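Working notes for the structure below.
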Protein chains: 2
Amino acid sequence: MSSIRYAMLTLLAREPLSGYDIKQQMNNRMGPFWKAGSNQVYPELAKMEGEGLVKLYGLEQHAYRPVRKLYEITEAGREALIQWTTEPTERENIRDEFLLKAYNTWLVEPEKMIIRIEEKKKEHEERLAAYLDKVEELTQLLDSSNSKAPIASSLSVVEFGVQYERLYIEWCDKLIKKL
Amino acid sequence: MSSIRYAMLTLLAREPLSGYDIKQQMNNRMGPFWKAGSNQVYPELAKMEGEGLVKLYGLEQHAYRPVRKLYEITEAGREALIQWTTEPTERENIRDEFLLKAYNTWLVEPEKMIIRIEEKKKEHEERLAAYLDKVEELTQLLDSSNSKAPIASSLSVVEFGVQYERLYIEWCDKLIKKL
DNA sequence: ACCCACATGTAAGGAGTTACATGATTAC
DNA sequence: GTAATCATGTAACTCCTTACATGTGGGT
């Protein structure tokens, strides 16, 4: 499995990045679809360098700061990524803690539950807003509209996010009405 | 975190169950929302028994088979479950491997990608059908329509599943059209 | 003959989270 | 003075997956 390495290659296929950049993009830009801590990113980068999937692209030194080690994807890395992308994917579960809690609604005073649902709704409204911003941003970058641009792929994924957040918000509304 | 124990308590709050039952319900009935292996279920049951959250309800012996050890939730267990349910829940990510692959669509020949998307679509159509069956089943069990019944809570969660699968299928369609 | 369902568990390992360490600068 | 950002990494720990162990009866 170990999809962390493919998440990293996914980003590196677009531009050279440092370990720090990768972490940031995963936790902010890309995401929150796929998160990673530094403990995963740095060792995995080193491992991939050893296997020839990425290589050092250059070093950047900004004044006092630690040296930024930029990595780029190699041809072998690109091939591995394409191979993985076109492989069948295992079934995946939703696994959302709040859904699990929703199973216990009947055990709990409705007022208390409603507070939590409202909270969740707000959270997903925030995410929806963030995704919509991203959609706009990406749409403007696109307009040449060739489906082979990386941006087109990003857009599709973010649009999934938009739909997902909308569904979540609607579901929260329905739940509140029921109680 | 360790939400596995609360997933187990969620099931035990409704009826006494054996470890095997819990595993089965998680991987089939309840799910696939929350999965667990026997290695998690049995030790966790023992731990919870030690903490007084569950207690042995009885033993069942069917002919040649190993003894079924049925557990029931205690008052302390029920309180812990209610406490957890009404606590705020952390933000959670989508984390679907196929979405990650979708970021790489631009790298791959469209025909190859379409094959995988069709596959995924089919998978989610199957799940949708299963969830719809469950909705029907639960709706029939309900009709007395008191929102304090466990079944009402189950229904809400399964309805989320239905909407989720629909959105996934639509998204697959849109992706295919784009390519 | 062979695999699956039932039913309990244990063992080993991989994946992921949280915290720590270092160290200079900028913002409040 | 305190915290946050940049930037690299390590350590410890929990969580989860996969495989194994045992044993009988039923289906193909």
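Values in this document were obtained by computation on a predicted structure and should not be read as measured data. Convention: sequence-line order gives letters A, B, ...; per-chain numbering from 1.
If you check the side chains of Q83(B) and E87(B), you find a donor sitting under 3.5 Å from an acceptor. R14(A) and S154(A) share a side-chain donor-acceptor pair at under 3.5 Å.
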Checklist outcome for this item: Going 5' to 3' through nucleotides 23-28 of chain D and flagging B where a protein heavy-atom sits under 4.0 Å of the base, S where only the sugar-phosphate is that close, and - otherwise, we get BBS---

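Contacts between residues 37-50 of chain A and DNA chain C, defined by a heavy-atom separation under 4.0 Å, are made by N39(A), Q40(A).
Distance R91(B) CZ to dT17(C) C1': 18 Å, rounded to the nearest Å. Rounded to a whole Å, the CH2 atom of W34(B) is 12 Å from the P atom of dC15(D). For the pair N93(B) CG and dG16(C) C1', the computed distance is 12 Å after rounding to whole Å.
Side-chain atoms of Y20(A) lie closest to dA7(D) of the nucleotides dC16(D), dA7(D), dT8(C). Distances from the side chain of R68(A) to the nucleotides dT8(D), dG16(C), dT8(C) place dT8(D) closest.
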Would you be so kind as to tabulate the donor-acceptor pairs closer than 3.5 Å made by side chains of residues 54-66 of chain B, with sequence neighbours excluded?
unit_1	atom_1	unit_2	atom_2	d
E60(B)	OE1	H62(B)	NE2	3.3
E60(B)	OE1	R68(B)	NE	3.1

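Nucleic acid contact for K69(B): sugar-phosphate only, since backbone atoms but no base atoms lie under 4.0 Å from a heavy atom of the residue.
Residues meeting the ring-ring contact (aromatic ring centres under 6.0 Å, His included) test with Y168(A), sequence neighbours left out: H124(A), Y164(A), W171(A), F160(B).
Comparing the local axis fitted to the first five base pairs of the helix from dA1(C)-dT28(D) to dC28(C)-dG1(D) with the one fitted to its last five gives a bend of 40°, rounded to 10°.
Sequence neighbours left out, the pairs with a member in residues 104-113 of chain A that pass salt bridge (charged side-chain N to carboxylate O under 4.0 Å, His left out) are E109(A)-K112(A).
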